[in-house]
A.B. asks: 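Take this structure first; my questions come after.
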Amino acid sequence: MIVMKFGGTSVGDGESIKRVVKIVGDRLQLKPVVVVSAMARVTDQLLTLGRAAGAGERDEALNISRSLRERHYNTAGELLGTALFSGLHGDLGADFEALDELIRGISAVGELTPRTSDHIASFGEILSSKIVCAALCAHHIDAEVVDARQCIVTDNTFTRATPLWDEINRQLGVRIQPLLDAGRVPVMGGFVGATKTGITTTIGRGGSDFSAAIVGSGLGAQRIEIWTDVDGMMTTDPNLCGDARRIKVISFDEAAELAYFGAKVLHPATVLPAIQKNIPVQVLNSRNPACEGTLITARTPRCKNVFKAIAVKKGITIVDVTAPRMLLAHGFLRAIFEAFDRHRVPVDVVSTSEVSVSLTVDSNESIPALAADLAKLADVKYEGRKAIVCLVGENLRQVPGIAGRVFSELSDVNIRMISQGASEINLTFVIEEDAVPGVVQRLHKAFFSDLDPAVFD
Ligand code: ADP
Ligand code: ASP
Ligand code: MG
């Protein structure tokens, strides 16, 4: 079997969903499980709606819900025609009634908890999976919706829940395998899960890729396909640099590093289950299905270039912790990291000196509370609007003097932190957010102008 995951833009309107139906129809003999994201921008709108309800702005929230209802009805109507749509209309209508009920409840209380936020966000994938399934059925593909909340069992860390693998594998065996055995096509929403007691959770923004990998790993897929809106993993974000080129093949480790440091095309957790079961992941373009995309796999051909790609993560804050006491004081770093742990704030890049530690965190984490806690240990300063730039390539292990070449290209740029990753395959540094486009374009020109045709298109 294979898993085929379609992202938000791939199911963003009727025309896109028609392309999905064709792509799935062409692969039926491979026994696909289809995993879909919410329609493009819907998760953002649901989260906005949730915040409005939490602030007591009930009418504003209900208005957003109304426009979402219209968009989903119109798309379903366009795909199914009046007669078939009438079958689905009641089902979608019940979901929107439940959403509106939730909005009224939250507005009355005037508080949005992470738990209710997850409940609201889950509607996007629940709705899109029903519409995509109905569109497949309308084209005589024997598809059935599987509720992700019955398969993707997680802990209760709302908004970024952790999968409970044993429980999931058991549920996949009970709920999805029999459908495949019967020659049917299961269609499941990504991103969404539930605790053992059935409370809705989500597994983090962009998490539908991860859902696909969880399903692929649990069912022993021969391949996990991530269908998106670009031709594959590119040498850098094509929105940042018009010269970005397609990477034909890349290793699990390189892809994981790129995803972790901001290549949004793949959720960072996607690669891990694939590595554990050695399942190749293919990134493909639903608007250009003839393109062979990017193959992410364990074994890759030798590459003449040092780097495979540049990733960028914006919205970073640098936290500087300075304490003369650190001089010879063992246990100081532990105390700092314990504070990060208490606030559940993940750290990306770290650099230390005798008296200070600098760390980078995502700006949307709860930094003021963390800083107040750290201030009990030392002087704390933090500064936002930074970006991490990360160059990735397995050849970094072999080629000496590369850091020198990179930084001489950027001799006029204010570089705040540098780290040559412990994995030995990345070179990472932190700059001002405003400098990102210029820096990426210059590095791309310097390191990606003459590309090995065995690896790049
Ligand atoms: P989906 O909705 O299909 O999950 P995403 O928007 O999450 O799609 O990811 C695809 C986007 O990732 C692309 O449109 C592109 O702008 C961005 N991106 C960032 N870095 C890269 C990269 N190295 N290669 C390809 N796309 C990238
Ligand atoms: N719809 C979710 C999001 O926008 C998950 C995904 O698309 O992968 O974050
Ligand atoms: Mg995505």
Side-chain angles (χ1 to χ4, degrees), residues 4-13 16 19-20 35-48 68 117-118 120-129 148 152 159-161 188-193 201-214 225-248 250 254-270 281 283-288 291 293-294 296 307-314 387-393 436 440 443-444 448 456-457:
M4 306 177 75
K5 177 262 169 176
F6 294 91
T9 43
S10 299
V11 296
D13 55 28
S16 309
R19 284 194 288 269
V20 169
V35 174
V36 295
S37 289
M39 294 174 74
R41 300 182 308 282
V42 166
T43 308
D44 286 339
Q45 286 167 316
L46 286 166
L47 292 173
T48 305
L68 286 172
S117 179
D118 271 0
I120 287 194
S122 71
F123 281 90
E125 271 72 9
I126 288 168
L127 292 160
S128 66
S129 57
I152 308 299
T159 75
R160 47 180 176 199
M188 193 184 94
F191 180 52
V192 176
T201 56
T202 65
I203 58 173
R205 292 305 309 270
S208 295
D209 301 334
F210 188 24
S211 302
I214 293 169
E225 295 182 348
I226 305 292
W227 290 86
T228 183
D229 62 350
V230 283
D231 274 347
M233 282 196 110
M234 318 284 281
T235 48
T236 191
D237 186 343
N239 289 323
L240 270 179
C241 176
D243 299 333
R245 301 259 298 271
R246 176 169 64 92
I247 307 167
K248 292 200 276 196
I250 189 166
E254 290 169 323
E257 209 78 34
L258 286 169
Y260 183 79
F261 284 109
K264 182 181 166 226
V265 63
L266 207 63
H267 184 278
T270 314
V281 177
V283 181
L284 295 151
N285 188 352
S286 67
R287 291 160 196 251
N288 183 19
C291 175
T294 299
I296 308 171
F307 297 120
K308 293 279 171 61
I310 313 172
V312 176
K313 199 165 168 180
K314 289 196 194 174
I388 297 176
V389 178
C390 177
L391 289 143
V392 173
V436 163
V440 170
L443 291 176
H444 198 274
F448 296 86
F456 301 93
D457 186 30

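Quick note: residue numbers are just sequence positions, from 1. Atoms within a ligand are numbered from 1 in the order they appear, just like the ligands themselves.
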A.B. asks: Which word best sums up how the rings of Phe456 and Phe448 line up, parallel for under 30°, tilted for 30 to 60°, or perpendicular for over 60°?
C.D. replies: perpendicular

A.B. asks: Only one of Val11, Val35, Thr43, Val42 clears side-chain contact (heavy atoms from CB on, under 4.5 Å) with Glu125; which?
C.D. replies: Thr43

A.B. asks: Flag Asn239 as yes when one of its N or O atoms lies below 3.5 Å from any N or O atom of ligand 1, and as no otherwise.
C.D. replies: yes

A.B. asks: May I ask which of Asn285, Val265, Thr294, Thr228 has a heavy atom nearer to atom 27 (C) of ligand 1 than the others do?
C.D. replies: Val265

A.B. asks: Of all heavy-atom pairs between Pro238 and Ala244, which one has the smallest distance, and what is that distance?
C.D. replies: CA-CB, 4.0 Å

A.B. asks: State, yes or no, whether a side-chain contact exists between Ile152 and Met188 at a heavy-atom distance under 4.5 Å.
C.D. replies: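 Sidechains of Met188 and Ile152: in contact.
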
A.B. asks: Using a 4.0 Å heavy-atom cut-off, say whether Lys5 meets ligand 1 through its side chain, its backbone, both or neither.
C.D. replies: side chain

A.B. asks: Just verifying a value: how many Å separate Thr159 OG1 and Ile203 CD1, rounded to the nearest 0.5 Å?
C.D. replies: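 The OG1 atom of Thr159 sits 11.5 Å away from the CD1 atom of Ile203.
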
A.B. asks: Closest heavy-atom contact between Leu46 and Ile120?
C.D. replies: O-CG2, 3.4 Å

A.B. asks: I'd like a table of the close N/O pairs between ligand 2 and the protein (anything under 3.5 Å), one pair per line with both atom names and the distance.
C.D. replies:
{"from": "ligand 2", "atom 1": "1 (N)", "to": "Thr43", "atom 2": "OG1", "distance (Å)": "2.7"}
{"from": "ligand 2", "atom 1": "1 (N)", "to": "Glu125", "atom 2": "OE2", "distance (Å)": "2.6"}
{"from": "ligand 2", "atom 1": "4 (O)", "to": "Thr43", "atom 2": "OG1", "distance (Å)": "3.4"}
{"from": "ligand 2", "atom 1": "4 (O)", "to": "Arg205", "atom 2": "NH2", "distance (Å)": "3.0"}
{"from": "ligand 2", "atom 1": "7 (O)", "to": "Ser37", "atom 2": "OG", "distance (Å)": "3.0"}
{"from": "ligand 2", "atom 1": "8 (O)", "to": "Gly206", "atom 2": "O", "distance (Å)": "3.3"}
{"from": "ligand 2", "atom 1": "8 (O)", "to": "Gly207", "atom 2": "N", "distance (Å)": "3.4"}
{"from": "ligand 2", "atom 1": "8 (O)", "to": "Ser208", "atom 2": "N", "distance (Å)": "3.0"}
{"from": "ligand 2", "atom 1": "8 (O)", "to": "Ser208", "atom 2": "OG", "distance (Å)": "3.2"}
{"from": "ligand 2", "atom 1": "9 (O)", "to": "Arg205", "atom 2": "NE", "distance (Å)": "2.7"}
{"from": "ligand 2", "atom 1": "9 (O)", "to": "Arg205", "atom 2": "NH2", "distance (Å)": "3.4"}
{"from": "ligand 2", "atom 1": "9 (O)", "to": "Gly206", "atom 2": "N", "distance (Å)": "2.8"}

A.B. asks: Under 4.0 Å from a heavy atom of Met233: which atoms of ligand 1 are those, numbered in the order shown and with their elements?
C.D. replies: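 What qualifies from ligand 1 is 24 (N).
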
A.B. asks: Starting from atom 2 (O) of ligand 1, which protein heavy atom do you reach first, and at what distance in Å?
C.D. replies: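 Here the nearest protein heavy atom works out to Gly8 N, 3.1 Å.
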
A.B. asks: Report the part of Thr235 in contact with ligand 1, treating N, CA, C, O as backbone and CB onward as side chain, heavy atoms under 4.0 Å; options are side chain, backbone, both, neither.
C.D. replies: neither

A.B. asks: Any idea which of Thr43, Thr9, Asp229 brings a heavy atom closest to atom 13 (C) of ligand 1?
C.D. replies: Asp229

A.B. asks: Looking at Met234, which atoms of ligand 1 are within less than 4.0 Å of one of its heavy atoms?
C.D. replies: 22 (C), 23 (N), 24 (N), 25 (C)

A.B. asks: May I ask whether Arg245 places a heavy atom under 4.0 Å from ligand 1?
C.D. replies: no

A.B. asks: Among Arg246, Lys248, Arg245, exactly one meets salt bridge (Lys or Arg N to Asp or Glu O under 4.0 Å) together with Asp457. Which residue is that?
C.D. replies: Arg246

A.B. asks: Determine the sole option in Thr228, Val265, Val281 for which the side-chain contact (heavy atoms from CB on, under 4.5 Å) test with Met233 is passed.
C.D. replies: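 Single pass found, and it is Val265.
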
A.B. asks: Hey, what do you get for OH (Tyr260) to SG (Cys390), rounding to the nearest 0.5 Å?
C.D. replies: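 Spacing of OH (Tyr260) from SG (Cys390) equals 10.5 Å.
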
A.B. asks: Looking at SG of Cys291 and CG of Asn285, how far apart are the two atoms once the value is rounded to the nearest 0.5 Å?
C.D. replies: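 If I round to the nearest 0.5 Å, the distance is 7.0 Å.
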
A.B. asks: Starting from atom 17 (C) of ligand 1, what is the nearest protein heavy atom, named by residue and atom, and what distance separates them?
C.D. replies: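 The closest one turns out to be Asp237 OD1, 3.9 Å.
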
A.B. asks: I need the Ile226 CD1 to Phe210 CZ distance, nearest 0.5 Å.
C.D. replies: 11.5 Å

A.B. asks: Test Lys5 against Asp209 for salt bridge (Lys or Arg N to Asp or Glu O under 4.0 Å), laying out the working first.
C.D. replies: CA-CA 7 Å; Lys5 177 262 169 176; Asp209 301 334; 2.6 Å; yes

A.B. asks: Examine Ser10 against ligand 1 and note whether any of their N/O atoms are separated by less than 3.5 Å.
C.D. replies: no

A.B. asks: Does any N or O atom in Ala263 lie less than 3.5 angstrom from one in ligand 1, N or O only?
C.D. replies: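 In fact, backbone or side chain, Ala263 has no N or O that close.
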
A.B. asks: Is there a nitrogen or oxygen of Ile310 sitting under 3.5 Å from a nitrogen or oxygen of ligand 1?
C.D. replies: no

A.B. asks: Would Gly232 count as a contact residue for ligand 1, given that I'm defining contact as a non-hydrogen atom of the residue lying under 4.0 Å from a ligand atom?
C.D. replies: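 For ligand 1, residue contact (heavy atoms, under 4.0 Å) with Gly232 is present.
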
A.B. asks: Using distance alone, determine whether Lys264 and ligand 1 share an N or O pair under 3.5 Å.
C.D. replies: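 Indeed, backbone or side chain, Lys264 has an N or O that close.
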
A.B. asks: Got Ile250 and Leu258 here, is their nearest side-chain heavy-atom distance under 4.5 Å?
C.D. replies: yes

